[in-house]
Amino acid sequence: MKLSLSGKKAVVGMIFIAPFVIGFVVFIAYGIFTTIRMSFSDVILAGATSGVELVWNNFDNYIQAFTVHPTFPEVFGTSILNMVIDVPLIIFFSLFMALLINQKFRGRTIVRAIFFLPVILGAPAISNALLSARAMMVGGVSPASAEVMASLGSNLNVDVNYYLAMLGDLAIPPTLIGYIVDAVHRINNIIIASGVQIVIFLAALQSIPPSVYEAAKIEGATPYETFWLITFPMVSPLILTNVVYTIIDSFAVSPVVTLSYSTIFSDYNYGLGSVFSLVSSLAVCLILVVVGLVLGKRSFYYT
Amino acid sequence: MNIKARIEQMKNDPTIASKRGQAERKLRAVVFALFRTALVLGISYVILSPLIGILASSFFSTEDSYNPVVYLIPQNPTLERYELTILRMDYWNVLGNMMIYVLGLTVIQLLICSMAGYGFARFNFPLKKLLFGCVIITIVLPSHTIMFPLYTTFQTFNPFGIFGLFNDGNSVNLLGSPWPVVIMTIFGVGLRSGLYIFIFNQFFRGLPREIEEAAFIDGAGSVRTYLQVMLPNATPAVVTVTIFSVVWQYNDNFLGRLFNVSDSILLSRRIGSLQATISNIDQIRDPSITTLYVYAGVVLMILPLLLIYVFMQKHLIEGIERSGIVG
């Protein structure tokens, strides 16, 4: 059989992507399909080496998840809510920090190295070990290190609430104040969750050609105008990337994932666990689509 | 002397006005620099302080940890925590195994993902858009959605009945070995493989076509063009993917736990059980003391990554800038 040049190229291209396509069909597509089937079935273990048997039971698992299960609706709700709260904080914080360390000052290299550290230290193994270590220390002799850890929390002797009430008198809505105070309390978590985002924003900022800034300066633009008319539009596509990354990343460690993991591997309730993971994944995908549509339209693409 | 007239004169004097403007700008710059320094220092402190705490207390002797006056600087520093931790974690062996495992996976991942990225970037074939959509799905899909099907697949591993031929028609249980992760990585669906395919795709699309045409005219086949021409030209993307892949594989807990990968390979699993091991075998019951061993273990686990990072740090930032993640 003779192939034209474009036909030959098509075959070569397919060979290049063949491993991925096989992997996608065998593992991902099959996995999604099986999870959907399990969520509609009673799953019975048919023996240690011969896999599982599925018996169709309509919407029983779904009904059980939302009406009978004691914690799922609540855990699901808080997971989504926490994500919605955290994502804007992380995005604002990482953009702000990227702007800050993009400037020229002494010791910039070291500061950048430090800001990337959370990515390296993000191992669940490390934080889990620390968490369990901390949990076991309650009530025992507390060594100095425990105090170092605790000092990250809020043990201020200043009556912060008094000053916050003053802000309330300035007609700033209390929910907004609560949101910001909460963010400051959890600054540690936010910093640790925004390592990759800072690096991505930093790269975006550095890819803006300096000639654009020079032109703006000659035209007499103020720094404020320069930021909103040049810097912000130029990094806006990366805001979408970062929002998507942040949503996925914060979802991977949310309580609903833990719940579905323990339902499957500790309670051996495979059908119910499949419902949990399927429903939560669907919710996240929905959020991603909405975010993509809203931000995608507003992003500026430099072509 | 009329003071009022003198003030008027000074107000209108252009040299004084420009001096005042300069001073104002300088003051503004200084205030801003102060603000920036304070902020950067504060946040660096938040990032570093747990590390400093862990590092310091991993050198504490038992008396130090019972002495409430000792803070950060131990009075009787000891290496005993490290000695026992290295022994109980079987540190050097496990670290060696883990390095082989992580670096092996990274090499496979680099090869497979760059191939797929190149295929998507430079060839036209039917269903290309749909298949690239599949890449996006693997990036976006939360990995726990398919964890149980993956678990059963590898528990009774028998693709197309191939393994049955050697094993009396029975499937093979691959759980507990590194094979599930290796197989998934070979087929381009390993840990964050989709992201790497995306990065390579963006990067190859940005390279000029003339390079390939020159190679083609010189008589190089597609595979040779890819291996000897395209891949060396994609160094920034390769560096970026290498660092992310090494760091994330090294820190991965999800796949390792799901497939129950043996703790003679994964340091992270060793750390998880370290406290129990030490309190059972060495009869050290006080949690405030066993914690110190966990701290030593955490330091030992972070150290290799930190070394890799320090050496590659400069390439990483440059690599990300040039690798096309940035639109």
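We name chains A, B, ... by the order of the sequence lines, and we start the count at 1 in each one. Excluded from the calculations below are hydrogen atoms, water molecules and symmetry mates; all remaining heavy atoms, backbone and side chain alike, are included.
- Atom CG of B/Leu303 is surrounded by more than 12 heavy atoms from other residues, nucleotides or ligands within 6.0 Å.
- Looking at B/Val223 and A/Ile15, their side chains never come closer than 4.5 Å, going by heavy atoms from C-beta outward.
- Atom OG of B/Ser222 is separated from atom NZ of A/Lys8 by 9.5 Å, given to the nearest 0.5 angstrom.
- Only the side chain of B/Phe154 has a heavy atom closer than 4.5 Å to any heavy atom of chain A.
- For A/Asn242, no part lies under 4.5 angstrom from a heavy atom of chain B.
- Interface remark: A/Ile28 contributes backbone and side-chain atoms alike to the contact with chain B (heavy atom separation under 4.5 Å).
- Side-chain contact check for B/Phe123 versus A/Val12: some heavy-atom pair is nearer than 4.5 Å.
- For a residue to count as touching a neighbouring chain, one of its non-hydrogen atoms must lie under 4.5 Å from one of that chain's; by this rule B/Leu267 does not touch chain A.
- Contact of A/Phe24 with chain B is made through backbone and side chain together, with heavy-atom distances under 4.5 Å.
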Step-by-step ring pair (Phe, Tyr, Trp, His ring centres under 6.0 Å) determination, A/Phe16 to B/Tyr226: CA-CA 10 Å; A/Phe16 271 116; B/Tyr226 157 73; 5.2 Å; yes
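- The part of B/Leu141 that comes within reach of chain A is its side chain, from C-beta onward, which places non-hydrogen atoms under 4.5 angstrom from that chain.
- Looking only at side-chain heavy atoms (C-beta outward), B/Ile146 and A/Phe27 stay at 4.5 Å or farther from each other.
- With a threshold of 4.5 angstrom between heavy atoms, A/Ser280 approaches chain B through side-chain atoms but not through N, CA, C or O.
- Not a single donor-acceptor pair under 3.5 Å links the side chain of A/Thr34 to the backbone N or O of B/Pro149.
- Shown here for B/Ser44 and A/Phe115, the closest heavy-atom pair between the two residues is OG-CE1, 4.0 Å.
- Looking only at side-chain heavy atoms (C-beta outward), A/Val26 and B/Phe187 stay at 4.5 Å or farther from each other.
- Scanning both residues, A/Ile264 and B/Met147, for their nearest heavy atoms gives CD1-CE, 4.1 Å.
- The CG atom of B/Leu131 sits 7.5 Å away from the CZ atom of A/Phe20 when rounded to the nearest 0.5 Å.
- Interface remark: A/Ile248 contributes side-chain atoms only to the contact with chain B (heavy atom separation under 4.5 Å).
- Note on A/Val244, A/Ile247, A/Leu100, A/Ile22: by heavy-atom pairs under 4.5 Å with chain B, the leading option is A/Leu100.
- A/Thr35 contributes atom OG1, which lies 9.5 Å from atom CZ of B/Phe148 (distance to the nearest 0.5 angstrom).
- For the pair B/Arg257 and A/Tyr261, the cation-pi test (distance below 6.0 Å, angle within 45°) is passed.
- With rounding to the nearest 0.5 angstrom, the CD1 atom of B/Ile43 is 8.5 Å from the OG atom of A/Ser194.
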Test ring pair (Phe, Tyr, Trp, His ring centres under 6.0 Å) applied to B/His144 and A/Phe276, step by step: CA-CA 10 Å; B/His144 78 287; A/Phe276 292 166; over 10 Å; no
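- Side-chain atoms of A/Phe265 and B/Leu258, non-hydrogen and from C-beta on, do get closer than 4.5 Å to each other.
- At a 4.5 Å heavy-atom cutoff, A/Phe33 makes no contact with chain B through either its backbone or its side chain.
- Taking the six-membered ring for Trp and the full ring otherwise, A/Tyr270 and B/Tyr151 have centroids separated by 6.0 Å or more.
- For B/Ile137, the part lying near chain A is the side chain, with the backbone staying farther off; criterion is any non-hydrogen pair under 4.5 Å.
- Looking at A/Val196, only its side chain comes within 4.5 Å of chain B, counting heavy atoms on both sides.
- Taking B/Ile197, B/Val247, B/Thr145 one by one and counting their heavy-atom pairs under 4.5 Å with chain A, the maximum is reached by B/Thr145.
- Interface remark: B/Tyr118 contributes side-chain atoms only to the contact with chain A (heavy atom separation under 4.5 Å).
- For B/Phe32, the part sitting under 4.5 Å from any heavy atom of chain A is the side chain, from C-beta outward, and nothing else.
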